[in-house]
Structure formats: structure tokens, C-alpha cells
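Start at 1 and go down the list; that is how both ligands and their atoms are numbered.
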Amino acid sequence: MVATDKFKKTPETATFNLSAYLKERQQLCETALDQAIPIVYPEKIYEAMRYSLLAGGKRVRPILCLATCEMTGGTIEMAMPTACALEMIHTMSLIHDDLPAMDNDDYRRGKLTNHKVYGEDIAILAGDGLLAYAFEFVATQTPQNVPRDRVLQVVARLGRALGAAGLVGGQVVDLECEGKLDTSLETLNFIHNHKTAALLEACVVCGGILTGVSPEDLQRLTRYAQNIGLAFQIVDDILDITATQEQLGKTAGKDLKAQKVTYPSLWGIEESRSKAQQLVEAACAELEPFGELAQPLKAIAHFITSRNH
Ligand code: GRG
């Protein structure tokens, strides 16, 4: 059954309070993440993992997963272990991205980066620990009312989003392109479709896998996520130019310094904003068949282009 049959389309009359929604969901995620990793021996590694995992952050990825699961008929409980795993994976990618061998950054989420506090050796291991635990967490904590073959699909999907076909591949090309001001739009799209959009896509798609959506709906969700993924990165590039270190919680102006080609460097800021807006509208159009239930995901898509941090 596809979304058109399953969800009755109703006019979007009620105004949706996104900031209240995000605040509530962020709080749920904070509590679940805090409980997910207790400190045991050897304490140092658990402290390092928790330091970055609980350092704040918008929690866009887990919230997308929860919202998709709910939109397609599931519950928060069904998706919370996957949502936490997605945030663990995202956090580990930030820890490794900030290392001297990669982007070499001193600040993240308004705090000193993991390696600045714990040293490079422990930061690498904290990232590795989070990555491994993410998979264990999905496999062992997803409630039994979710069929095991769906859990297996989620695990496979996460693995694909992270490896050389996803984040890792995008990061490799990004590193190769540093200092190359003749990087093409095609290469730039490759970098961000893999480095940023692949994980956002996994968040949405995994939310749908957990409820067993139809292949057609999965396609819709994928297109929604790919569009918001690229819009997210365009806005990230704009903010690197226009926002302050305080707003970003990390060093501003890094792309220019690293001589990286970005969307604003190719299109200018205004054109980049308008492209991001078009992508968000295309993303929302994919959700029409889900009717009013799609309000949170649509509002999150708009938040992506209007955010200032
Ligand atoms: C995944 C195995 C594995 C290794 C990591 C380092 C690396 C490979 C990839 C880099 C991925 C990366 C850092 C992409 C940037 C994504 C991005 C736009 C991050 C900012 O996300 P926000 O704004 O941050 O959601 P908060 O702090 O709010 O969560």
C-alpha cells in the first residue's frame, strides 16, 4: 500500500509549533543518549565518548528518524535506539573530522574538541567506540515489536551510509579537494551527497524501514531526504561565511581559509539561498501524500534553510 491509500489527506489548518516540537524531541533525545552510555571501567573512554555525545547539537538526525517513524505509523519507542545510534555515528564523524589529520579544529558545539581535551589517541578511540556501540545499540535495544528483518535492514543501511559508499567516501574526496579552487560542481555535489546527505537520508529511510513502509513510500522518503540533505549543506556553507563562531559553536570562515570550493563560492550567497529554498520545496512536495502527518518533517525541512547555527 502506498502513502496515498494509507494516509487520508487533510487540509493543513492547525499551525504547527516547530520550536515547541523540537524542544520536546531534543529533550527526549538528550535523556535517551545520556542513559545509553553509562560510565564504567575504563572510565576515560566512556567519559570521552559522553563528552562529545552530550555536548549539545541540534539533534536534527535523531529527530528526523523519530519524525519519519511516527509519520509512517510507528512510535517513538520503536525508533529511539536507531535515533540514538544515528546521533552516535554523527558525533563520531565530528570527532574524527576535527582531528589534526583532518580538519584540525579546536572547537565544536561550543566546546573544545575531543582531542583537545583527551588527546588524539583517546579521541580516535572515542570515535571508534561510538561507531561500534551504535550498531550494538540498534541490534540489542530495538523493541521486540519491531520485526528482526527490519532491524537487520536498518543495520545494513547504516553501514552503507557510513562507509566508502557514504560519509567516508565523501570525506576522502573533500580532503583531496582542499586547496583546489577549480573543483567542479559535480565533484562538490559528490562530496556533499556522501559526506552530509547520506547520513540524513539514512535517518529518514531508517525511520520508514522500522515501520515497514512500501517501496514507493521509501522512494518518496529518500527523495525528501536527498533534497533536504543538499539544502542542509548549502546552508552550512553559507553559515560558514555569515555566522559568528559563537553562533556556530565552531571556528567560522574555515572553508575560505582551507581554500575549499563551496556552493556560495560557485553561485554567490543569494543564489545559494534560493537553491536551498527550491530544494526544501521539492522535498516537501514529496510528502504531500502523507497529509497532515507530514507537518513535522515539512517544518524541519524549512527549519534547515532558516537556521542561523
Ligand atoms: C563515519 C566511519 C566514519 C568516519 C568519519 C570524518 C568523516 C569520516 C566524515 C566527515 C563527516 C562530516 C563531519 C560531515 C559534515 C556534516 C555536517 C554538516 C555537520 C554539522 O551538522 P549539524 O549542523 O551539527 O547538525 P550539530 O552539532 O548541530 O549536530
Return the option from His96, Arg61, Arg108, Glu87 holding the heavy atom at the smallest distance from atom 21 (O) of ligand 1.
Arg61
Let me have the donor-acceptor pairs involving side chains of residues 119-145, under 3.5 Å, with sequence neighbours excluded, atom names and distances please.
residue	atom	partner	partner atom	Å
Tyr133	OH	Ala36	O	2.8
Thr140	OG1	Glu136	O	2.8
Thr142	OG1	Val138	O	2.6

Decide whether Ile76 and Val205 are clustered together by the hydrophobic rule: side chain heavy atoms of Ile, Leu, Val, Met, Phe, Trp, Tyr closer than 4.5 Å, transitively.
no
NZ/Lys44: more than 12 non-hydrogen atoms of other groups inside 6.0 Å:
no
Any idea which of Asp103, Asp128, Thr196 brings a heavy atom closest to atom 16 (C) of ligand 1?
Thr196
Is Asp236 in polar range of ligand 1, meaning some N or O pair under 3.5 Å apart?
no
Could you pull out, from Gln171, Gln233, Arg109, the option with a heavy atom nearest to atom 27 (O) of ligand 1?
Arg109
So which bit of Arg59 gets within less than 4.0 Å of ligand 1, heavy atoms only: side chain, backbone, both or neither?
neither
Interfacing atoms of ligand 1 (cut-off 4.0 Å, heavy-atom, Phe232):
18 (C), 21 (O), 22 (P), 23 (O), 25 (O)
Within the structure provided, determine whether Pro289 and Arg220 are in side-chain contact (heavy-atom separation under 4.5 Å).
yes
Ligand-side contact atoms (ligand 1) for residue partner Val168, heavy atom cut-off under 4.0 Å
2 (C), 3 (C), 4 (C)
Looking at ligand 1, does Val60 have a heavy atom less than 4.0 Å from it?
no
Minimum-distance protein heavy atom relative to atom 1 (C) of ligand 1:
Met92 SD, 3.6 Å
Among protein heavy atoms, which lies nearest atom 22 (P) of ligand 1, and at what distance?
Lys58 NZ, 3.4 Å
Which atoms from ligand 1 have a heavy atom of Gly57 less than 4.0 Å away?
26 (P), 27 (O), 28 (O)
Are more than 12 heavy atoms from other residues, nucleotides or ligands located less than 6.0 Å from atom NZ of Lys111?
yes
Sequence neighbours excluded, every pair satisfying ring-ring contact (aromatic ring centres under 6.0 Å, His included) that has a member inside residues 23-73
Tyr51-Tyr118
Are more than 12 heavy atoms, taken from residues, nucleotides or ligands other than Glu186, located less than 6.0 Å from that residue's CD atom?
no
Is any side-chain heavy atom of Tyr263 closer than 4.5 Å to one of Ile238?
no
Which of the numbered atoms in ligand 1 are below 4.0 angstrom from a heavy atom of Lys195?
11 (C), 12 (C), 14 (C), 15 (C)
